[in-house]
Engineer: 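Can you keep this structure in mind? I'll have questions shortly.
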Amino acid sequence: MELSKNYIPGTVEEKWYQHWMSKNYFKSFPDERPAFTIVIPPPNVTGVLHMGHTLNETVQDILARKARMSGFNVCWVPGSDHASIATEAKVVDMLKKEKGIDKKNLSREEFLKYAFEWKEKYGNIIYSQIEKLGCSVDWDRVSFTMDDHYYKAVIKVFVDLYKKGLIYRGARMINWDTAAKTALSDEEVEYKDVMGKLYYIKYPLNPSEEGVLQSSTAEDFIVIATQRPETIMGDVALCANPNDDRYTHLKGKKFLVPLINKEVPVIFDEYVDKDFGTGILKITPAHDINDFNIGLKHHLPVVDTLNEDGTLSEAAQIHIGEDRFVARKKIVEELREKGLLVKEEEYTTRLGYSQRTNVVVEPKISTQWFVKMKDLAKPALDEVLTENINIHPKDKFTATYKYWLENVKDWCISRQLWWGQQIPAWYDEEGKIYVAETEEEAIGQWSIVNSEKNSDSEIHNSSFTTDHSPLPTPHLTRDEDVLDTWFSSWLWPIEVFNGITQPDNKEINYYYPTSVLVTGQDIIFFWVARMIMAGMEFRNEKPFNDVYFTGMVRDKLGRKMSKSLGNSPDLLNLIHEYGADAVRFGIMISSPAGNDLLFDESSLEQGKHFNNKLWNALKLVKMWEENQAVGNGEGAMVNGEWAIQWFESRLSEARNEVDILMNQFRLSEALKTIYSLIWNDFCSWYLEWIKPEFGKPIDPAVYEKTVLFFDELLQMLHPFMPFITEEIYHLLKGRNDDLIVKQFSAAHKPDVDILKSGDKLKALITAIRDARNKNNLKPKESISLFIETTDEISYQPLKNILSKQVNADAILFNEKPVESSVTIVVGNEKIYLLSDAETDTEAQKEKLNKDLQYLKGFLISVDRKLSNDKFVQNAKPQVIELERKKKSDAEEKIRIIEQSLATIG
RNA sequence: GGGAGCAUAGCUCAGUUGGUUUAGAGCAUCUGCCUUACAAGCAGAGGGUCCGCGGUUCGAACCCGUGUGCUCCCACCA
C-alpha cells in the first residue's frame, strides 16, 4: 500500500470514530469491573462550543481513554444545560430580530416551543462538535437538564428542601436585571469600574420647622452626595453618624426631598462614614442594600420608585415611565435650574452588570424563593478540607472554596422567566402557599387545611351542625417563576443516573460517586460547591473523588476570548484546518492544570507537525516490513541488540514518568514527555541507530521489536491523539484488535546502567557532530576517530552506532593520530578527529579555551565549598562526597584540555 | 477595603522535603545541510542579575521579611 507523503487527518478521523461507535466501545453498563465515571459539565445550549469547552472536553477524553486502557469500565455521560436565563435571553433576542415577535405577545407554551426548537438546534451543534473532537462519550446517555425525569427530580428536590425548612419565601434585596426582568443571584452579577459622577444636592429644611439650624450656619438646608439622583424620590430619611458633631443638632428635624418636597426625618447610624461626601447619607431602602438594612433597623418605609423594566414608577411622582438613566439627566438639570445642585465631582465607581444581558443591575426589593445555605455548606466544606474530595491544583482553590462556604449567603433560586423548571408552589385566594410535586397534591393539601379550618370554626362557634357541605373547588394559581438554572445543575452527577427520581437503582449505585469532575475554575461556587452540597444532602455521599480545574482560555496577548474582539476561533474550522488530534495536542501542550491558557494557533501547527513525524516514522518502518534479512541477518545492523536494550529502558523510564504525571493530573507535562520520547528518543536516536544503509535489509528480530516499541508509543499517545494513533496502529501491521481498548501492560524497571551508556553515547555523538560543524567538515566527508579512554570495553557495543552517526570509517582506541587533527574533550575522554580536509585549529582552540574557562570557574566554586570548614562539618556525607567527585572530575578535565591545547600549539 | 496566587531564556512553562556542576524543556531565533521516513525535516549553536532589597543557612530559584509589578476572588461607602 502506498502511503501518502504527509498525514491527512480528515477522512481518517471520520472513519475511526464511526468504527469505535460501531464496536460500542463508548457504551457502558454496570459490570464486575471498577467504574470510571465522568459526567460532562453540560455546556449551555446558548450557542456553540468555544475554546474553553474544547480544553475541558479534551482533558476529560484523555482521562477517559487512559482509564479505558487501564481496565476500567469507563462511562462518560454527555449532555447539555438549559441555562435558563442565558438561553431565554438569546431566544427572546432571536424572536425579535428574526421573526419580529415580542415575548410579551406569546403565551408561556408558545414561547417554550420556540425555546425547545432553539435547544434542539444548538444542542445538536454542540454534540457534533464533541464528536468531531473525538470524545469517547456514551451517546446512549445524552442528558439534558430539562428532560422529563430530570424536571421531576428538580421539583422533588424543591419540595423535599421546602419540607425540611431549607427553602423559604421572603422579601429581600435582590439583584434585578431590567432587561430580562428577573432576579439574579449574586454570582450572576459582574462588577466593572466605571467613571461616574458624584452629585452634591441641597435638601431644604422643612419650612414648618423653625430656627433649628444654628445661626452661624444661616442656611436652611443640608447637602448630601449621591451618584444616583434619580433615586431621591425614594428617600425616606437622611442619616448622619451619631459621633459627627457637625450634625448632632439636627436630631428630630425634618427636611424636604427636592423636586417632590417630601418630608424626611434625620436619623443617626454609625454606618455612615463621616469623611465621605458631606457626611450625610440619604436613605433609599428600595434601591440600595445598605440603605435597606438601615431602613430595617430604623423601621423606615420602603418606597420603590422603579418599574421592573428600569423605568420610574408612579411612586417616583415625577418622570414616571422614563428610563432611569434618562430621568437621571433630567433631574440633574432640574436641580441645577432650581439652584439645588451644589457641585458635581468625577468619581470612579464599581457598577454591577448582568452576566447574561449586560445591563446595569438594580438592587431591588422583591419577594423571592431562597435556599438556606448554612446547613448545606458545612458537610460540603468538610469533604474538601478532609481531602475526601481532592481539588487540583489544590493550593490555588482550597482557600477560596473555604472562604466562600464559610461566608455563604442564602441562595435566591426564583427567576422571573419561563425557560426552566416552574416552581412547584400554588397559592390560594388568600395567598396561602402549597408546595407539592403536582397540582393534585397541592389541592389535596388545600383540602386538608380547609377542612381543618372548618372543623376549627365549628368548635369555636360551638354550634353543632351535622351537614358537612362539600368543600368548594379551590382556585389555586401556580407560581409563575422558574428555578435558577444551577438549582437543576447541582443535581447533575446524581440525576443523569436517575439517582433522585429512583434513589436505589442499579446505575446510581454502580457509577456514583463519579471519578473526576473537569471544569473551569470560574464556576467553583455556582456549580462545584453546590454539587457537593447536593451530593451530601441527597445521597449522603460526595459526587466525585477529584476535581480538576482548568484555567481560562485567553488569546496569545492574554485577553479574554470574546466575540467582540473576534479572537475566539471556531472549533470546527480549526479541526478542519489542523485535524482534531492537532487541536487536542495544541490545546493540551500549553495548558498546565489551573493556569490560564494562552491560546496560540502555532501550537496547533506544532501538533500538525507531530502528526507528520509519526506518519513518517510509520513510512520508514513499513519499508522494512518488506525488506527483512533472511537467514543470519546479512547486512543488518550488528548493534541492533544494544539499541533495543537501550530503548526498552528509555521507554520504561518514560512510562513510569508519564504514569506519575497522569495520576497527578499533570497532563500537559505528560504529553510533553511522550512528545519528546517519540520525537527525540525514538525517531532521532533509536530509529537512526537501527536504520540499515539504504536498500539493505533489516534484521527480522530488530524489526519485530521495533514494531512492538511503536505499538507501545502509540498506546501511550492514544489518549491525547486518538485518531492518528489508531490509524497507525492498524497500518503498521494487520490487526484484529483496536488500540482504543488495548490494555496497558505493567511497565518494566529501566536498566540504569544502560541508560547511562545511552546518555554517554548521545553526548559523544553530539560533541563530535559539533566539532565537525565548527570545522566545516561536510557530512559526507568521512573521519577517523581516536579515543583515549581507560574503559575501552564499554565502547564495544556502541562502536558501530557511533561510527554510523558521525560518519567515521574507523575508530581506534588509545592511539594518537600521527597527523594534525581536531581535538575535543567529552566527559573525561579525549577524542581526536582525523580527516583529509583542512581543519581550523583556531576554532578548536577557541572551543577548548571556553570549556577550560568554564571548568576553572566551576572548580573555584567547588573548592570554595570544600575548603569551608562549616560546610564539611554540617553537610550530609553524600553531599560532601559528591563535591569531592565534582572536584576530581573537573581537575581531570582541565588536565586533559590543557594537554590538548598544548598539542595544538 | 479583605484575601489568594504569580514573577525563571524573546514567548509559554518545568524546576519534588534547600545540596547531581555556574538553572532545564518546547516554541521562536541564528548557522550549516534538498543526507532515499520526514524541509511540516535533519545536524548544530547562541540566549538567563531565577523581579529589586534585606535576612536565615556551611549552602537559597526554593525558606523568612520587605518593596515593586501583574492576575484572580470576595466585599460594594453614598
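To find a chain, count down the sequence lines: A is the first, B the second, and so on, and within it residues start at 1.
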Engineer: What's the closest nucleotide to the side chain of A/Tyr675 if the choices are B/C38, B/C27, B/U71?
Structural biologist: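 Taking heavy atoms from C-beta onward, the closest nucleotide is B/C27.
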Engineer: Of the listed nucleotides (B/U21, B/C72, B/G44), which one gets closest to any side-chain atom of A/Asp770?
Structural biologist: B/G44
Engineer: Give A/Ser602 one of three labels, base, sugar-phosphate or nothing, depending on what nucleic acid heavy atoms sit under 4.0 Å from its own.
Structural biologist: nothing
Engineer: Look at the side chain of A/Tyr854 and decide which nucleotide, out of B/C74, B/U22, B/A40, has an atom nearest to it.
Structural biologist: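 The answer is B/U22.
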Engineer: OP1 or OP2 of B/C58 less than 4.0 angstrom from a side-chain nitrogen or oxygen of A/Gln873, does that happen here?
Structural biologist: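 No, because none of the side-chain N or O atoms of A/Gln873 sits under 4.0 Å from OP1 or OP2 of B/C58.
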Engineer: Distances under 3.5 Å between protein N/O atoms and the N/O atoms of nucleotides 61-64 of chain B, please, pair by pair.
Structural biologist:
none

Engineer: Report the nucleotide, chosen from B/C33, B/C38, B/C58, that has the shortest atom-to-atom distance to any side-chain atom of A/Asn874.
Structural biologist: B/C58
Engineer: Check this one for me: any side-chain N or O of A/Ser861 less than 4.0 Å away from OP1 or OP2 of B/U22?
Structural biologist: yes
Engineer: Give a yes/no answer on whether the side chain of A/Tyr353 brings an N or O atom under 4.0 Å of OP1 or OP2 in B/C76.
Structural biologist: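 Negative; the distance criterion is not met.
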Engineer: Taking only N and O in the side chain of A/Arg769, is any of them less than 4.0 Å away from OP1 or OP2 of B/U31?
Structural biologist: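 For A/Arg769, the contact criterion (side-chain N or O under 4.0 Å from OP1 or OP2 of B/U31) is not met.
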Engineer: Can you tell me the pairing partner of B/U68 across any strand shown, Watson-Crick or G-U wobble, with both distances under 3.5 angstrom?
Structural biologist: B/A7
Engineer: When you check the phosphate oxygens OP1 and OP2 of B/U57, does a side-chain N or O of A/Lys865 lie under 4.0 Å from one of them?
Structural biologist: no
Engineer: Need the pair for B/C77. Rule: Watson-Crick or G-U wobble, both distances under 3.5 Å, any strand; none if unpaired.
Structural biologist: none
Engineer: Contact class for A/Lys282 vs. all strands (heavy atom < 4.0 Å): base, sugar-phosphate, or nothing?
Structural biologist: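 No contact.
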Engineer: Can you check whether A/Arg666 has a side-chain N or O nearer than 4.0 Å to OP1 or OP2 of B/G15?
Structural biologist: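 It does, given that an N or O in the side chain of A/Arg666 lies less than 4.0 Å from OP1 or OP2 of B/G15.
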Engineer: Strictly by Watson-Crick or wobble contacts shorter than 3.5 Å, is anything paired with B/G44, and which nucleotide is it?
Structural biologist: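 Answer to the pairing question: B/C30, which forms a Watson-Crick or G-U pair with B/G44.
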Engineer: Step by step, would you call A/Asn616 with A/Lys619 a side chain to side chain donor-acceptor pair (under 3.5 Å)?
Structural biologist: CA-CA 5 Å; A/Asn616 278 294; A/Lys619 276 161 50 181; 3.2 Å; yes
Engineer: So, does A/Trp679 get its side chain near the phosphate of B/C42, meaning an N or O under 4.0 Å from OP1 or OP2?
Structural biologist: yes
Engineer: For a quick check under 3.5 Å, do A/Ser676 and A/Asn680 share a side-chain donor-acceptor pair by atom type?
Structural biologist: yes
Engineer: So, is A/Asn868 near the phosphate of B/C58, with a side-chain N or O under 4.0 Å from OP1 or OP2?
Structural biologist: no
Engineer: Which nucleotide wins on minimum distance to the side chain of A/Gln227, given the candidates B/U35, B/U12, B/A78?
Structural biologist: B/A78
Engineer: Only one of A/Trp615, A/Tyr675, A/Tyr578, A/Tyr7 passes ring pair (Phe, Tyr, Trp, His ring centres under 6.0 Å) with A/Phe610; say which it is.
Structural biologist: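 The option that passes is A/Tyr675.
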Engineer: Whole angstrom is fine here: how far is it from CZ in A/Phe276 over to C1' in B/G1?
Structural biologist: 13 Å
Engineer: So, does A/Lys870 get its side chain near the phosphate of B/U57, meaning an N or O under 4.0 Å from OP1 or OP2?
Structural biologist: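 So the side-chain polar atoms of A/Lys870 never come under 4.0 Å of the phosphate oxygens OP1 or OP2 of B/U57.
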Engineer: Whom does B/C38 pair with, Watson-Crick or G-U wobble, provided both distances fall under 3.5 Å?
Structural biologist: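 Across all strands, not a single nucleotide pairs with B/C38.
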Engineer: Using whole Å, report how far NZ of A/Lys197 lies from C1' of B/A78.
Structural biologist: 18 Å
Engineer: For A/Glu577 and B/A40, give me the distance from atom CD to atom C1', rounded to whole Å.
Structural biologist: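 The distance from CD of A/Glu577 to C1' of B/A40 comes to 13 Å, rounded to the nearest Å.
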Engineer: Would you say a side-chain N or O of A/Thr766 is under 4.0 Å from OP1 or OP2 of B/A43?
Structural biologist: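 A/Thr766 to B/A43 OP1/OP2: no side-chain N or O under 4.0 Å.
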Engineer: Relative to the 5' end of RNA chain B, which residue comes earlier, A/Thr278 or A/Gln853, by the nucleotide with the nearest heavy atom?
Structural biologist: A/Gln853
Engineer: Could you state the atom-to-atom distance from CZ of A/Arg864 to P of B/G19 in whole Å?
Structural biologist: 18 Å
Engineer: Closest approach to the side chain of A/Leu620, judged atom by atom: which nucleotide of B/G46, B/C77, B/A37 is it?
Structural biologist: B/A37
Engineer: Reckon A/Asp596 touches a base, only the sugar-phosphate, or nothing at all at heavy-atom distances under 4.0 Å?
Structural biologist: sugar-phosphate
Engineer: Side chain of A/Cys683 only, please: which of B/U21, B/A37, B/U35 is the nearest?
Structural biologist: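 Nucleotide nearest to A/Cys683's side chain: B/A37.
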Engineer: Rounding to an integer number of Å, can you tell me how far A/Glu626 CD sits from B/A37 P?
Structural biologist: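 It works out to 15 Å between those atoms.
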Engineer: Can you tell me which nucleotide in B/U36, B/C77, B/A78 comes closest to the side chain of A/Asn290?
Structural biologist: B/C77
Engineer: With heavy atoms under 4.0 Å as the rule, sort A/Phe858 into base, sugar-phosphate or nothing.
Structural biologist: base
Engineer: Contact class for A/Asn611 (heavy atom, under 4.0 Å): base, sugar-phosphate, or nothing?
Structural biologist: nothing
Engineer: Please work out if A/Lys850 contacts a base, only the sugar-phosphate, or nothing of the nucleic acid, heavy-atom cut-off 4.0 Å.
Structural biologist: sugar-phosphate
Engineer: Kindly indicate whether the side chain of A/Gln606 and the base of B/A28 share any N or O donor-acceptor pair separated by less than 3.5 Å?
Structural biologist: no
Engineer: With P as the reference atom in both, quote the distance from B/G32 to B/G69 in angstrom, rounded to an integer.
Structural biologist: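 B/G32 and B/G69 have their P atoms separated by 45 Å.
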Engineer: OP1, OP2 of B/C42 versus side-chain N and O of A/Lys613: anything below 4.0 Å?
Structural biologist: yes
Engineer: Go through it in stages, so that I can follow the logic: the residues are A/Lys887 and A/Glu891, the test is salt bridge (Lys or Arg N to Asp or Glu O under 4.0 Å), and I'd like the CA-CA distance, side-chain angles, deciding distance and then a yes or no.
Structural biologist: CA-CA 6 Å; A/Lys887 181 179 158 80; A/Glu891 282 167 348; 3.3 Å; yes
Engineer: Checking contacts here: which listed nucleotide (B/A78, B/C33, B/U21) is nearest the side-chain heavy atoms of A/Pro779?
Structural biologist: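 The answer is B/C33.
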Engineer: Compare the minimum distances between each of B/C73, B/A78, B/A37 and the side chain of A/Leu281, then state the nucleotide with the smallest one.
Structural biologist: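 Per side-chain heavy atoms of A/Leu281, the pick is B/A78.
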Engineer: Starting at NZ of A/Lys197, measure out to CD of A/Glu344 and round the result to the nearest 0.5 Å.
Structural biologist: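 Taking NZ in A/Lys197 and CD in A/Glu344, the distance rounds to 5.0 Å.
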Engineer: Let me know the distance between CD1 of A/Ile894 and C1' of B/U21, rounded to the nearest Å.
Structural biologist: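 One finds 12 Å between C1' of B/U21 and CD1 of A/Ile894, rounded.
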Engineer: From the options A/Asp291, A/Asn293, A/Asn290, select the one residue that forms a side chain to side chain donor-acceptor pair (under 3.5 Å) with A/Tyr271.
Structural biologist: A/Asn290
Engineer: Please work out if A/Met552 contacts a base, only the sugar-phosphate, or nothing of the nucleic acid, heavy-atom cut-off 4.0 Å.
Structural biologist: nothing
Engineer: If B/U56 has a Watson-Crick or G-U wobble mate with both distances under 3.5 Å, name it; if not, just say none.
Structural biologist: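 Base partner found: none.
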Engineer: I need the CD1-C1' distance between A/Ile280 and B/C77, as an integer number of Å.
Structural biologist: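 Result: 15 Å.
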Engineer: B/G41 phosphate, OP1 or OP2: any side-chain N/O from A/His609 under 4.0 angstrom?
Structural biologist: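 For A/His609, the contact criterion (side-chain N or O under 4.0 Å from OP1 or OP2 of B/G41) is met.
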Engineer: Mind listing the closest non-hydrogen atom pair of A/Pro779 and A/Asn807 along with its distance?
Structural biologist: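 What the structure gives for the nearest pair is O-ND2, 2.7 Å.
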Engineer: Working to the nearest 0.5 angstrom, can you tell me the gap between A/Ile831 CD1 and A/Leu833 CG?
Structural biologist: 7.5 Å
Engineer: Using a cut-off of less than 4.0 Å, is there contact between a side-chain N or O of A/Lys5 and OP1 or OP2 of B/A39?
Structural biologist: yes
Engineer: When you check the phosphate oxygens OP1 and OP2 of B/A43, does a side-chain N or O of A/Ser684 lie under 4.0 Å from one of them?
Structural biologist: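 For B/A43, OP1/OP2 do have a side-chain N/O of A/Ser684 under 4.0 Å.
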Engineer: State the pairing partner of B/U22; accept Watson-Crick or G-U wobble contacts with both distances under 3.5 Å, and report none otherwise.
Structural biologist: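 Looking at the geometry, B/U22 pairs with no nucleotide.
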Engineer: B/G44 C1' sits how many Å from A/Ile765 CD1, rounded?
Structural biologist: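 After rounding, the gap between these two atoms is 14 Å.
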